[in-house]
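The block underneath contains the structure these notes are about, expressed in structure tokens.
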Number of protein chains: 2
Amino acid sequence: MNSSHFSISLHILTLLDKVNGQLLNSEYIAGSINCNPVLVRKELANLHKHGFVQSKEGKGGGSTLAKRPADINLGEVYKAVKQKGLLGESKNEPNPDCPVGKQITQQLNKLYNDAENALIKDLSLKTLKDFSLGFD
Amino acid sequence: MNSSHFSISLHILTLLDKVNGQLLNSEYIAGSINCNPVLVRKELANLHKHGFVQSKEGKGGGSTLAKRPADINLGEVYKAVKQKGLLGESKNEPNPDCPVGKQITQQLNKLYNDAENALIKDLSLKTLKDFSLGFD
DNA sequence: TCATACTGTAACTTTTATTATTACAGAACA
DNA sequence: TGTTCTGTAATAATAAAAGTTACAGTATGA
């Protein structure tokens, strides 16, 4: 995955949870995150694609959760949000003439997949509701 | 952590394992990875700092493992290599006037720490020897 | 029905992070 | 004592991320 996508998505989902079905627009959300509204809209588009949020266009529009917070699992959010592998996945091309170089990418991918699955498994133990309850 | 550090470190350690105590210089290693030798030397400096490798300066110098491969645990390597948190850890400063923004960084860090620990725990089940044996 | 306030998306710019390059002092060797 | 390394710093080039601007399309309501 990449840096801030997961953070931004969780921030968005938490806000949407806290306002209980009220529509929030991208500018408001961006104000809480302190980032650009377009970035929020892109992140919302992805959350929408994966069924976590619903949006309403036009005046008075905005977004809201598409599921109950207890049914949004952070492992699922992670998977929806991740774009690249967590570790590695660089464009580096090791030397194919070296026995190690030839196989390292494959071996690392295997290792990283296992590790990332362990991480996802941990995240999957928690729901948005749990996360949101951690706030005062 | 950051992108390629872990990949490069594991590549280095695997090469050193494969040559059985022979000294390898940074140029040779860089040739296998297909990257700049200075990058390798920096990575080696870090591995050295954490006791995984030994280096010999001067003509005919190079690096070798400082421990037996079976005693090098990939979770430890990960921890030695990581520089930033795996997830998040951006310079973003959420809005302190928003109840969610005010606490989100702290809450995310807690979540990320748990998740990263699950990942490290998984990596810790494997040693360099195991990893290296995965190669033909 | 038209001004307004949104979303969605694309193109472009700026900023930041990563990687490569150059350079050189100091160490070991033959 | 010249050669070949490490270690490290400074700088340049490249790539990735984030911000900005722009605008078509949609809903609302005066």
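Everything quoted here is computed from the prediction, not taken from an experiment. Naming convention: chains lettered A, B, ... in sequence-line order (proteins, then strands); numbering from 1 in each chain.
Regarding contacts with the backbone of dT6(D), every side-chain N or O of S63(B) stays at 4.0 angstrom or more from both OP1 and OP2. A close approach under 4.0 Å does not occur between any side-chain nitrogen or oxygen of N36(A) and OP1 or OP2 of dA18(D).
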Review point. What does nucleotides 24-30 of chain C look like as a protein-contact string, B for base, S for sugar-phosphate only, - for none, at under 4.0 angstrom between heavy atoms?
Key: ---BBB-
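Separating the CG atom of N46(A) from the P atom of dT9(C) is a distance of 11 Å, rounded to the nearest angstrom. Atom pair L39(B):CG and dA10(D):C1' shows a separation of 16 Å (rounding to whole Å applied). Atom CD1 in I29(B) sits roughly 19 Å away from atom P in dT4(D) (whole-Å rounding). Between K42(A) atom NZ and dT7(C) atom C1' there is a gap of 14 Å when expressed in whole angstrom units. Atom CD in E43(A) sits roughly 14 Å away from atom C1' in dG19(D) (whole-Å rounding). Following rounding to the nearest Å, L47(A) (CG) and dG8(C) (P) show an atom-to-atom distance of 11 Å. Separating the CD atom of E27(B) from the P atom of dT4(D) is a distance of 11 Å, rounded to the nearest angstrom. The interatomic distance linking I12(B) (CD1) with dG7(D) (P) rounds to 11 Å, in whole Å.
Residues N117(A) and Y112(A) have side chains not in contact (no heavy-atom distance under 4.5 Å, counting atoms from C-beta outward).
V53(B) and H48(B) make their closest contact through O-CD2, 3.2 Å (heavy atoms, listed as atom of the first residue, atom of the second, distance). Closest non-hydrogen pair, L111(A) versus K126(B), comes out as CD1-CD, 3.6 Å. Contact between G75(A) and S124(A) at its shortest, heavy atoms only, is CA-OG, 3.5 Å. In terms of heavy atoms, H11(A) sits closest to S32(A) at NE2-OG, 2.8 Å. When all heavy atoms of N46(A) and V81(A) are compared, the closest pair comes out as ND2-CA, 3.7 Å.
At the heavy-atom level, S26(B) lies under 4.0 Å from the strands shown only through sugar-phosphate atoms.
Using a 4.0 Å cut-off on heavy atoms, the residues of residues 16-25 of chain A that approach DNA chain C are N25(A), listed by number.
Distances from the side chain of V38(A) to the nucleotides dT19(C), dT8(D), dA10(C) place dA10(C) closest.
Looking at K56(B), its side chain never comes within 3.5 Å of a backbone N or O of S63(B) through a donor-acceptor pair.
For F135(A), the CZ atom sits in a packed shell: over 12 heavy atoms of surrounding residues, nucleotides or ligands are nearer than 6.0 Å.
Judged purely by distance below 3.5 Å, without hydrogens or angles, the side chains of D17(A) and T14(A) never pair a donor atom with an acceptor atom.
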